[in-house]
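Report on the following structure.
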Amino acid sequence: MSRRQDRMILVAFADPNALYQSNPERQRDPRRLGLANFIAHAKLAESAGFDAIFKPDFLGFDISKGSVRPRPGFEPLTLLSALSQHTSRLGLIITESTSFNEPYNVARYFTSLDNISDGRASWNVVTSYYGEGNFGDGTLLPLAERYRKAEEFMQVAYRLWDGWLPGSVSYGAQGPLFDAKQIRDTNFAGEFFKVKEPLDIPPGPQGRPVIVQAGASDEGLDFAARHAEIVFAAAPDHETGADFYAELKRRTVAAGRPAAQLKILPGLNIFVADSQAEAEDLYQAQFTDRALLAYRDKLVREAPLFRIDTLELDERIPAEAIPGEAALRQVERRRSRGLLLRKYLSRPDQTLRRFLSDVFEFGHLTLIGTPSHIAGEMAAWFEARAADGFVLKGGNSFPRVAQEILPILREKDVLRPPAAGLTFREALFDDAAA
Ligand SMILES: Cc1cc2nc3c(=O)[nH]c(=O)nc-3n(C[C@H](O)[C@H](O)[C@H](O)COP(=O)(O)O)c2cc1C
């Protein structure tokens, strides 16, 4: 197979803890969650060669689940808007829900952010599987309907973003001048939304934000094939990654889009040390019996069809603990995750301990070892078309990833800096030849 001509795309979760992972003293300091550390992290990510920072988000806070922690004081839109003022190149990926928002508000937020950031706004479109108690009539639509609503949401948002035609705004000595004849009313009336007027602010440099998506159900994959420019995937091993990649690219072409217009980025955790053994120890250190049992209890609360609540850690998984696939396909919340959990629970001779450590990172990839080993694995996923890049979620040392692993990827020529002065979209698809 010939070497790829396009470059690897790297995204990092915005994470103020990332700078202090190896410093327990600093980890206990409450100031570590402050804005200054988010800024320091974003600046390091940008200077190291990451393409974007990403803030996942959920619109609920269930205090009855002890393990759910409050956010460190910021929601994504205002946080990344602040970070845009301390960076110049990073894409800013913000999660907004199509179930608990109106398209007019969301389209306006992203146009404003695109103007604030000189063309770096990006929207992680989620349909949400939780939070309904805080919105509207308090119900969550079934999965297929949530995606139908999301589809309509996108159509309205596109009309809003495309409503200002080229030439509709010019800048004179008095400030912006609008040519009302070049601005279209939205005039949308559908099943879920009605919007009459155009946006009241001119488009940003990108027009539309870069669309990101992360649903993995059938409906979610088709939605991604139609709309997404980046997909944040959960692929714990090479085979799953390569299958997912081929399937989603196939659906993208079937939806009438070039495969290269969609970048598939699996979530990644990195445990890096000077030797393989040391890195393994760091990785295994998180799997204390206590942590695993707490994780078992969390899974039981979230996915009650998995009957693992009374199992001991080193017990083999009995057949009756594994829910049937048909039952999981009826579940309306986190359906794709349930199917992934089932795959791991059903492995031959599986024990509860191995299952829990396998899925500890929600089915995301974990790479463990020396900087050169990890860079080699990342390049191999990229070259084998199991990934177009990665979303770095966590691990033991963000500074080592930035300062030791990324330079090796650059030496291998899979990670290449884009030209200066591009919008986020232009930088993403700068060399999209594949
Ligand atoms: C890797 C991954 C990351 C996700 N991140 C978020 C998130 O930050 N916020 C959210 O509300 N939903 C998130 N989701 C949920 C999806 O976007 C989607 O709304 C949900 O999974 C239901 O669709 P699905 O069954 O197609 O996955 C994520 C899903 C996946 C697979």
Side-chain angles (χ1 to χ4, degrees), residues 14 53-62 70-71 74-82 84 91-117 120-164 185-201 203-204 206-215 217 219-220 222-224 226-232 332-334:
I53 41 174
F54 182 8
K55 197 84 184 85
D57 196 33
F58 297 89
L59 293 167
F61 179 34
D62 185 349
R71 320 240 183 280
F74 315 105
E75 63 75 49
L77 183 69
T78 45
L79 174 65
L80 268 64
S81 185
S84 75
L92 308 160
I93 308 176
I94 288 146
T95 302
E96 290 288 348
S97 167
T98 54
S99 292
F100 305 133
N101 273 308
E102 287 280 332
Y104 187 88
N105 299 115
V106 170
R108 197 161 177 262
Y109 297 155
F110 282 100
T111 294
S112 177
L113 181 67
D114 210 43
N115 280 315
I116 285 173
S117 65
R120 294 186 282 141
S122 178
W123 174 21
N124 177 35
V125 183
V126 297
T127 53
S128 300
Y129 48 78
Y130 178 72
E132 68 275 18
N134 307 318
F135 298 92
D137 65 3
T139 56
L140 185 74
L141 292 174
L143 185 137
E145 264 188 80
R146 292 206 295 277
Y147 273 106
R148 212 150 44 80
K149 185 173 178 185
E151 182 62 39
E152 192 176 302
F153 201 115
M154 298 309 290
Q155 299 312 325
V156 189
Y158 292 152
R159 271 207 212 188
L160 285 160
W161 287 318
D162 299 346
W164 289 56
D185 267 331
T186 303
N187 278 337
F188 187 95
E191 183 184 353
F192 301 97
F193 303 110
K194 261 193 193 151
V195 179
K196 187 170 171 301
E197 297 177 347
L199 282 185
D200 60 338
I201 47 177
Q206 296 187 117
R208 301 174 177 187
V210 170
I211 303 295
V212 181
Q213 204 267 352
S217 63
E219 288 86 346
D222 283 335
F223 184 89
R226 288 194 299 277
H227 301 287
E229 293 161 278
I230 294 176
V231 160
F232 172 31
E332 295 294 351
R333 293 175 202 260
R334 310 191 84 177

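Here the structure is a predicted model, which means the values were calculated and not measured. For reference, positions follow the sequence shown, starting with 1. Both backbone and side-chain heavy atoms feed into the values below; hydrogens, waters and symmetry mates do not.
The structure places CG of N115 at 10.5 Å from CD of Q206, a figure rounded to the nearest 0.5 Å. Going from atom CG of L59 over to atom CD of E132 covers 11.0 Å, rounded to the nearest 0.5 Å. To the nearest 0.5 angstrom, E151 atom CD is 12.5 Å from T127 atom OG1. To the nearest 0.5 Å, atoms CH2 (W161) and CZ (R208) are separated by 8.0 Å. Taking CD1 of I94 as the start and NZ of K55 as the end, the distance is 11.0 Å to the nearest 0.5 Å. Interatomic distance, I211 CD1 to R226 CZ, rounded to the nearest 0.5 Å: 13.0 Å.
Under the side chain to side chain donor-acceptor pair (under 3.5 Å) criterion, N105 pairs with no residue, sequence neighbours left out. In this view, R148 and E145, E191 satisfy the salt bridge (Lys or Arg N to Asp or Glu O under 4.0 Å) rule, not counting sequence neighbours. Here E152 pairs with nothing under the side chain to side chain donor-acceptor pair (under 3.5 Å) rule; sequence neighbours left out. With sequence neighbours excluded, the residues that form a side chain to side chain donor-acceptor pair (under 3.5 Å) with T78 are E75. With sequence neighbours excluded, no residue satisfies ring-ring contact (aromatic ring centres under 6.0 Å, His included) with F188. Partners of F110 by ring-ring contact (aromatic ring centres under 6.0 Å, His included), not counting sequence neighbours, listed by chain and number: W123. Looking at residues two or more places apart in sequence or on another chain, you find a salt bridge (Lys or Arg N to Asp or Glu O under 4.0 Å) between E229 and R425. With sequence neighbours left out, the salt bridge (Lys or Arg N to Asp or Glu O under 4.0 Å) criterion links D185 to no other residue. In this structure, N134 has no side chain to side chain donor-acceptor pair (under 3.5 Å) partners at least two apart in sequence or on a different chain. Scored by the ring-ring contact (aromatic ring centres under 6.0 Å, His included) test, Y104 finds no partners at all (sequence neighbours excluded). Not counting sequence neighbours, the partners of Y147 by the ring-ring contact (aromatic ring centres under 6.0 Å, His included) test are F223.
Residue T95 comes nearest to P56 through the heavy atom pair OG1-CA, 3.3 Å, listed as atom of the first residue, atom of the second, then distance. Across all their heavy atoms, F61 and Y130 have their closest contact at N-CE2, 4.1 Å. The two residues S84 and I116 have their closest heavy-atom pair at OG-CG2, 3.5 Å. Nearest heavy atoms, A224 versus Q213: CB-OE1, 3.5 Å.
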Check the pair L92 / I53 against side chain to side chain contact (heavy atoms under 4.5 Å, CB included), numbers first and verdict last.
-> CA-CA 5 Å; L92 308 160; I53 41 174; 4.3 Å; yes

Go through the steps for N124 and F232 under the test side chain to side chain contact (heavy atoms under 4.5 Å, CB included), then give the verdict.
-> CA-CA 9 Å; N124 177 35; F232 172 31; 5.7 Å; no

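You'll find the side chain of F135 stays beyond 4.5 Å of the side chain of L140, heavy atoms only. Residues P209 and L113 are not in side-chain contact: their nearest non-hydrogen atoms beyond the backbone lie 4.5 Å or more apart.
One N or O on the side chain of R146 and one on the backbone of S128 form a donor-acceptor pair closer than 3.5 Å. Checking side-chain atoms of S122 against main-chain N and O of V210 turns up a donor-acceptor pair under 3.5 Å. Without hydrogens or angle criteria, T111 side chain to P203 main chain gives no donor-acceptor distance under 3.5 Å. Listed for the D114 side chain is a donor-acceptor partner under 3.5 Å among the backbone atoms of A121.
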Got a list of side-chain donor-acceptor pairs under 3.5 Å for residues 192-201, not counting sequence neighbours?
{"from": "D200", "atom 1": "OD1", "to": "R108", "atom 2": "NE", "distance (Å)": "2.9"}
{"from": "D200", "atom 1": "OD2", "to": "R108", "atom 2": "NH2", "distance (Å)": "3.2"}

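Taking the six-membered ring where the residue is Trp, the centroids of F153 and H227 are separated by 6.0 Å or more.
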